[in-house]
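Contents: one structure, followed by commentary.
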Protein chains: 2
Amino acid sequence: MRYFIVDDDVASRRMLKQIILDGDMGVIIGEADSGVNALDPILSTDPDFVLIDLLMPKLDGIETIDQLRKQGFRGHFIMISQVENKEMIGEAYEKDIEFFIHKPINRIEVQSVLKKTSERLLLKKSLLTIRKSILHFEEETKEETHRTIKDVVSSILNDMGILGEVGSDDIVTIIDLLSSNEEKSMQIPPLKDIYEKLASQTKFSGAEIMKESKAIEQRIRRTISIAMNNLATLGAVDYTNPEFEYYAPRYFEFAEIRSLMKTIQENEMDSKKPKINVKKFLQVLYVEANEKFKHPPK
Amino acid sequence: MRYFIVDDDVASRRMLKQIILDGDMGVIIGEADSGVNALDPILSTDPDFVLIDLLMPKLDGIETIDQLRKQGFRGHFIMISQVENKEMIGEAYEKDIEFFIHKPINRIEVQSVLKKTSERLLLKKSLLTIRKSILHFEEETKEETHRTIKDVVSSILNDMGILGEVGSDDIVTIIDLLSSNEEKSMQIPPLKDIYEKLASQTKFSGAEIMKESKAIEQRIRRTISIAMNNLATLGAVDYTNPEFEYYAPRYFEFAEIRSLMKTIQENEMDSKKPKINVKKFLQVLYVEANEKFKHPPK
DNA sequence: AAAAATGTCGGATAATGTCGGATTTTATAA
DNA sequence: TTATAAAATCCGACATTATCCGACATTTTT
């Protein structure tokens, strides 16, 4: 199942994330710290479940649900909040949420509820598929609920905090492209070739393609640069942070990250620009995404 | 659906009853005002759902569930109580209750939850029936994507932060090659032979092979050098880092790593190049990869 | 309209292949 | 065991490219 988390409290988001991942219940394909910031990403990533806080500044949970529904979102909501007021809870249930979980967050409770709700969804989907097949004698055995490579990649990019960047689309598409390739070599082709291939999907004249592939190159570089900064900032505060600990040494030249962390800690703004190794980043992402895709849980 | 209500409060029972009947969700086949008084009737009427209060004199909700399960009751529980204590709620969920609803009782909430749980139950039943019939036809089309030795090696190299380097491909292929060999000696053959064997998979003239095997040698050396630098940098930042602790002493001459760490910490850029022991690295990797492959993760 | 983000391009930089020779390990005999 | 030669392994240096990056132009956002 694909989850999206909306909560203004970082700690809550992290706990939920941890619970979902630990329980092997699915992937987090995005998160947001407010209703307003949640709308666009939810509509574009179309998660199966949205875990949403009721009390949030500006746009509260119920209003957010209204907005999303109005714009055609068909996913399911699970509300998580410390509100005790039965009126509000009732109101939430009227918006057709799946369930209301009371804060403080309790691991077993959340896991149990998520498991039951997602099971219900799966069952429903299977039955719908079956009914359709029976009615039309069709052989559509395509499981739409399966997560794609793109989901896996998105979730990784989200962890690095760059899912919203323009270059992320390029990256996701590239990995998808590479993965759909026949050759099972884990070595990715030269970056130049990759860029050109991607560019040729939208542009058609030779010159256009060259330009676009140059643009792609820069977009990706800038996106990765942002990821480095994000991780370095995380690590500067707490180098046992799980995202930092995992991604920083694997996806980047850790020496670069380290010197970045230093300048951050010492608040120097000068900073010799760090070296950005696009090839390494894509290579690791490619192998790891495929691995996670083939052997989902951990 | 057939419901049974257990609650020491008459008013609560009446409300629940009313909600179920009004919502046309099923029939009430009995009620009881305590856990003790509920046991016999529940076992004899075998309801689909038991709505049960957590806090009751003598036999509380959880104990009642235990008793019933012990005596073979297979129905489902929905707990309804005003308890706020998350520990108790968690405990209840561990007893495999369907959901926990907080008092005071809210019509919409109860209806929504009951509807969803009973729907889930119905779906499950239908699906089980269908599956049973289908199983007669189809043998399982399960495609097992085995975890290969390559995956194991990749993950180790990823831990060292060198999955992105060109030489990693060589290393992975080499270990795969060695492992598929008949002789299960723990001792790996001379490096030169290994390189030549690998080279001869892509090149075919004698001279070409020599060149390629030289290239492979350099790629691997450089890759391992990067791994050393990565780990040393990791260790310099945080010597309790698990990857550092594990890999640094096993795969490398630890003395080399330590002096590397020193130059990193003191920011000396001169640095006498550390000695790189390719043989040791491959040897350890070979043994460990095979070990992990045969006896996967704990 | 200013500021930020993105596109464009050429030159700088670092990665890689190639090769000869230095250094270490291994084998063998004293 | 120790000495020594041969073999294996390791390393530096250079040429060639892929990759990277600064700087300015253009577009988009505020």
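FYI, side chains are in, hydrogens and waters are out, and symmetry mates aren't considered; it's all heavy atoms of this structure.
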Practice item. Using the test salt bridge (Lys or Arg N to Asp or Glu O under 4.0 Å), find all partners of E288(B) that sit at least two apart in sequence or belong to another chain. Key: K292(B)
Check your understanding: For I216(B) and I216(A), take the nucleotide of DNA chain C holding the closest heavy atom to each; which residue's nucleotide lies nearer the 5' end?
Key -> I216(A)
Point to revise | Aromatic plane relationship, F252(B) with F281(B) - under 30° parallel, 30 to 60° tilted, over 60° perpendicular | key: tilted
Exercise for review: Assign K214(B) to base, sugar-phosphate, or nothing according to its heavy-atom contacts below 4.0 angstrom with the strands shown.
Suggested key: base
Point to revise | Side-chain donor/acceptor of K280(A) to backbone N/O of G161(B), under 3.5 Å | key: yes
Check your understanding: Given dA18(D), dT16(C), dC19(C), which nucleotide is nearest the side-chain atoms of K211(B)?
Key -> dC19(C)
**Study point:** Donor-acceptor pair (no angle test) under 3.5 Å: E217(B) side chain, dC19(C) base
**Key:** no
**Study point:** Nearest listed nucleotide, side chain of P190(A), among dT6(C), dT19(D), dT18(C)
**Key:** dT19(D)
Point to revise | Modelled atom types, side-chain donor and acceptor of D151(B) and T148(B), under 3.5 Å | key: yes
Practice item. Write down the distance between NZ (K280(A)) and P (dT16(C)), rounded to a whole number of angstrom. Key: 11 Å
Practice item. Could you check how far CD1 of I220(B) sits from C1' of dA8(D), rounded to whole Å? Key: 15 Å
Check your understanding: With respect to the phosphate group of dT9(D), does any side-chain polar atom (N or O) of K279(B) fall under 4.0 Å of OP1 or OP2?
Key -> yes
**Study point:** Distance in angstrom units between E212(A) CD and dC9(C) C1', rounded
**Key:** 15 Å
**Study point:** Between P of dA14(C) and CD of E165(B), the distance in whole Å
**Key:** 15 Å
Check your understanding: Can you find a donor-acceptor pair, distance only, under 3.5 Å between R222(B) side chain and dG17(C) base?
Key -> yes
Review point. Is the distance from OP1 or OP2 of dC21(D) to the nearest side-chain N or O of R221(A) less than 4.0 Å?
Key: yes
Practice item. Starting from P on dA15(C), measure out to CD on Q283(A) and report it in whole angstrom. Key: 15 Å
**Study point:** Rounded distance in Å - CZ (F281(B)) to C1' (dC10(D))
**Key:** 16 Å
Check your understanding: Rounding to a whole Å, what distance do you find between R219(A):CZ and dC9(C):P?
Key -> 14 Å
Revision key, fill the gap. Only residue of I80(A), I65(A), I62(A), I97(A) satisfying side-chain contact (heavy atoms from CB on, under 4.5 Å) with L54(A) is I62(A)
Check your understanding: Between dC20(D), dT9(D), dT6(C), which nucleotide gets closest to the side-chain atoms of K192(B)?
Key -> dT9(D)
Point to revise | Protein-nucleotide distance (L282(A), atom CG; dT19(D), atom P), rounded to Å | key: 10 Å
Check your understanding: Is the phosphate of dT19(D), meaning OP1 or OP2, less than 4.0 Å from a side-chain N or O of N277(A)?
Key -> no
Point to revise | Closest to the Q218(B) side chain, choosing from dC21(D), dC10(D), dT18(C) | key: dT18(C)
